Peer 1: 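Dropping the structure in here first, questions after.
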There are 2 protein chains.
Amino acid sequence: MGVVTVNKRSQSTEEYLEAIFKLERTPAGATVGRLAGELGVAPPSVSEMVARMGGDGLLARGAAGEVVLTAEGAVEAARLVRRHRLSERFLVDYLEMPWDEVHDEACKFEHVLSVEVEARLAEQLGNPRTCPHGQAIPDEDGTFEEEPAIPLADLKPGERSTITRISDERPDLLHYLGTLGLLPETSIAVEGVAPFGGPLLVRVAGAQYALGREVAGKIFVRG
Amino acid sequence: MGVVTVNKRSQSTEEYLEAIFKLERTPAGATVGRLAGELGVAPPSVSEMVARMGGDGLLARGAAGEVVLTAEGAVEAARLVRRHRLSERFLVDYLEMPWDEVHDEACKFEHVLSVEVEARLAEQLGNPRTCPHGQAIPDEDGTFEEEPAIPLADLKPGERSTITRISDERPDLLHYLGTLGLLPETSIAVEGVAPFGGPLLVRVAGAQYALGREVAGKIFVRG
DNA sequence: GTGTGCCGTTAGGCTAACCTATCAGAGGAA
DNA sequence: TTCCTCTGATAGGTTAGCCTAACGGCACAC
């Protein structure tokens with residue numbers, strides 16, 4: 001038998017899960033401080049919440065104090081990411097919203113999609129593999145396979161590749177990239193790299209642009 | 001100038017607004033007790049919440065203690081109903097969900113639709129006038145015009161009319177009506193009425209059914 | 001070794017929204 | 001008139017999630 005765990009998480013819990021999932025796959029990892037920054041709350045709030053979620057079996061603390069998701073937590077987080085990215089696809093493909101506005105909307109949608117709605121939405125959208133920004137959409141069972149890619153900034157002058165994803169959701173940045181046509185599946189060539197952290201000169205669809213290093217670090221291309 | 005009131009209501013507040021909106025247009029009106037029943041909370045919780053919402057200018061208390069929405073509260077409530085019913089249309093028309101399952105889902109959706117998403121959704125759906133159960137969808141400005149209708153139970157034997165709406169959202173009832181083909185815009189004739197509160201004999205698409213009085217009171221037809 | 005900072009935790013409070021138990025007033029029945 | 005019932009309000013308590021202020025340990029500089 002066992003205890004019936006209905007396991008409907010609170011909205012806050014779901015937001016923590018997602019933030020940890022995201023920070024876990026950065027070189028820096030997920031710490032209390034970084035989570036506080038990511039979620040826009042004070043560090044003690046994170047301490048407290050992390051303790052609660054640890055008790056619920058969603059996460060554990062690593063040797064150095066980092067926050068790591070348990071298998072259960074990781075699956076739930078991946079499903080949330082799936083719902084988030086499916087929502088983004090829906091907002092862009094069906095409602096025809098601009099790609100730079102959909103992240104914030106999807107943040108709300110992801111918490112209200114039932115299993116059935118999620119499944120029907122995926123089917124109706126043609127089971128998309130990525131969100132409009134090129135990020136991979138996890139499977140229904142929570143498996144998550146990101147296409148290997150390197151930052152545009154790592155390309156050498158003269159090299160050419162194809163954009164796979166933009167790993168930043170800030171509307172202003174996305175809007176800017178959109179006006180330049182720097183979308184996933186776009187072919188891009190690096191024509192020059194200015195020294196001392198200067199901009200990259202890139203060519204896209206015949207036009208040349210100068211991109212700052214920070215921006216170029218957010219654009220990922222096939223490696 | 002005036003104070004900028006961003007006025008993003010809490011989910012609870014929104015649920016109270018909707019419940020009051022609904023109960024206000026029943027003969028019994030909206031009272032603390034009925035609200036408690038409708039919302040599934042204890043009466044003191046309603047007392048408390050109603051006091052808070054009164055302070056926010058969303059509602060007032062009538063002479064007999066009834067709860068009445070202010071103009072502001074009524075507009076916000078109507079917009080929520082609009083979002084709820086648009087969501088139901090979306091779930092049925094686009095996701096092809098059965099009409100008896102969409103109410104509960106829409107209860108979650110209505111709280112996360114931004115003004116822009118609401119507008120695009122309405123347009124994409126062809127600006128529907130009613131939800132899948134035949135209830136009118138309020139305008140963007142909160143005006144709400146329900147088509148005049150009478151309960152099926154008020155028809156006399158031999159009379160024929162067309163179903164306009166089902167004023168009940170219980171999945172089991174809706175499922176039952178769906179299997180009989182008792183959907184909005186369906187032509188229906190009353191062939192007999194059993195005495196002493198007995199069932200109505202109705203004919204729909206060639207078939208005859210016996211409907212209890214309670215069910216027949218939830219089905220509204222053009223009068 | 002001894003300061004100096006950085007991080008995370010502890011301590012103590014706050015608010016929204018809920019609960020149960022109890023109280024008060026208004027209206028109808030006897 | 002008295003009483004009983006029904007309805008809503010009050011009092012007091014809980015929980016989740018957030019806050020600020022203050023504390024403690026570790027690492028690194030000197």
Side-chain angles (χ1 to χ4, degrees), chain A residues 5-20 23-24 26-69 73 76 80 107-108 110-112, chain B residues 5-20 23-24 26-69 73 76 80 107-108 110-112:
Chain A
T5 16
V6 174
N7 270 351
K8 179 54 197 167
R9 310 294 177 190
S10 75
Q11 188 152 327
S12 264
T13 302
E14 294 188 342
E15 248 133 50
Y16 276 78
L17 282 174
E18 274 193 274
I20 297 164
L23 288 182
E24 255 188 352
T26 65
T31 65
V32 168
R34 271 186 286 266
L35 276 170
E38 180 75 20
L39 291 161
V41 301
S45 305
V46 176
S47 277
E48 186 184 301
M49 194 67 174
V50 157
R52 251 199 303 266
M53 292 171 68
D56 292 348
L58 293 173
L59 54 82
R61 304 300 291 263
E66 347 79 83
V67 176
V68 286
L69 293 175
E76 290 203 26
L80 282 163
C107 279
K108 298 183 289 178
E110 67 196 12
H111 303 293
V112 303
Chain B
T5 15
V6 174
N7 271 351
K8 179 54 198 169
R9 310 293 176 191
S10 76
Q11 187 153 325
S12 264
T13 302
E14 293 188 342
E15 248 132 51
Y16 276 78
L17 281 173
E18 274 194 277
I20 297 164
L23 289 182
E24 255 188 351
T26 64
T31 66
V32 168
R34 270 187 285 268
L35 276 170
E38 179 75 20
L39 291 161
V41 299
S45 306
V46 176
S47 278
E48 186 184 299
M49 195 67 175
V50 156
R52 251 199 303 268
M53 292 171 68
D56 291 347
L58 294 174
L59 54 81
R61 304 301 290 264
E66 347 79 81
V67 175
V68 286
L69 293 175
E76 289 202 28
L80 282 163
C107 280
K108 297 183 290 178
E110 68 197 12
H111 302 293
V112 302

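Here the structure is a predicted model, which is why all the values come from computation and not from measurement. Basis for what follows: all heavy atoms, side chains included, without hydrogens, waters or symmetry-related copies. Labels below follow one simple rule: chain letters A, B, ... track the order of the sequence lines, proteins then strands, and each chain is numbered from 1.
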Peer 1: What distance separates B:His111 NE2 from B:Leu80 CG, expressed to the nearest 0.5 Å?
Peer 2: 7.0 Å
Peer 1: To the nearest 0.5 angstrom, please state how far the CD atom of A:Glu76 sits from the CG atom of A:Leu69.
Peer 2: 10.0 Å
Peer 1: Go through residues 26-50 of chain B and report each residue with a non-hydrogen atom lying under 4.0 Å from DNA chain D, sorted by number.
Peer 2: B:Thr31, B:Val32, B:Gly33, B:Pro44, B:Ser47
Peer 1: For B:Ser10 versus B:Met49, what's the shortest heavy-atom pair and its separation?
Peer 2: OG-CE, 4.5 Å
Peer 1: Would you check, one step at a time, whether the test side chain to side chain contact (heavy atoms under 4.5 Å, CB included) holds for B:Leu58 with B:Arg9?
Peer 2: CA-CA 11 Å; B:Leu58 294 174; B:Arg9 310 293 176 191; 3.5 Å; yes
Peer 1: Which residues in residues 12-20 of chain B have a heavy atom closer than 4.0 Å to any atom of DNA chain D?
Peer 2: none
Peer 1: To the nearest 0.5 Å, how far apart are CD in A:Glu24 and CG in A:Leu35?
Peer 2: 9.5 Å
Peer 1: Need two values: the first and the last nucleotide of DNA chain C, 5' to 3', having an atom under 4.0 Å from any heavy-atom of chain A.
Peer 2: C:dG8 to C:dT10
Peer 1: Can you see which heavy atom on B:Ala36 is nearest to which on B:Ala42, and at what distance?
Peer 2: CB-C, 4.1 Å
Peer 1: Just the rounded figure in Å: distance from P of D:dC18 to CE of A:Met53.
Peer 2: 11 Å
Peer 1: Go through the steps for A:Arg61 and A:Val68 under the test side chain to side chain contact (heavy atoms under 4.5 Å, CB included), then give the verdict.
Peer 2: CA-CA 6 Å; A:Arg61 304 300 291 263; A:Val68 286; over 6 Å; no
Peer 1: In Å and rounded to the nearest 0.5 Å, what is the CD1 to CG distance from A:Ile20 to A:Leu59?
Peer 2: 5.0 Å
Peer 1: Please walk me through it: do B:Lys8 and B:Glu14 pass side chain to side chain contact (heavy atoms under 4.5 Å, CB included)?
Peer 2: CA-CA 10 Å; B:Lys8 179 54 198 169; B:Glu14 293 188 342; 3.2 Å; yes
Peer 1: Return the OG to CE distance between B:Ser12 and B:Met53, rounded to the nearest 0.5 Å.
Peer 2: 9.5 Å
Peer 1: In whole angstrom, give the distance that lies between atom CZ of B:Arg52 and atom C1' of D:dT10.
Peer 2: 15 Å
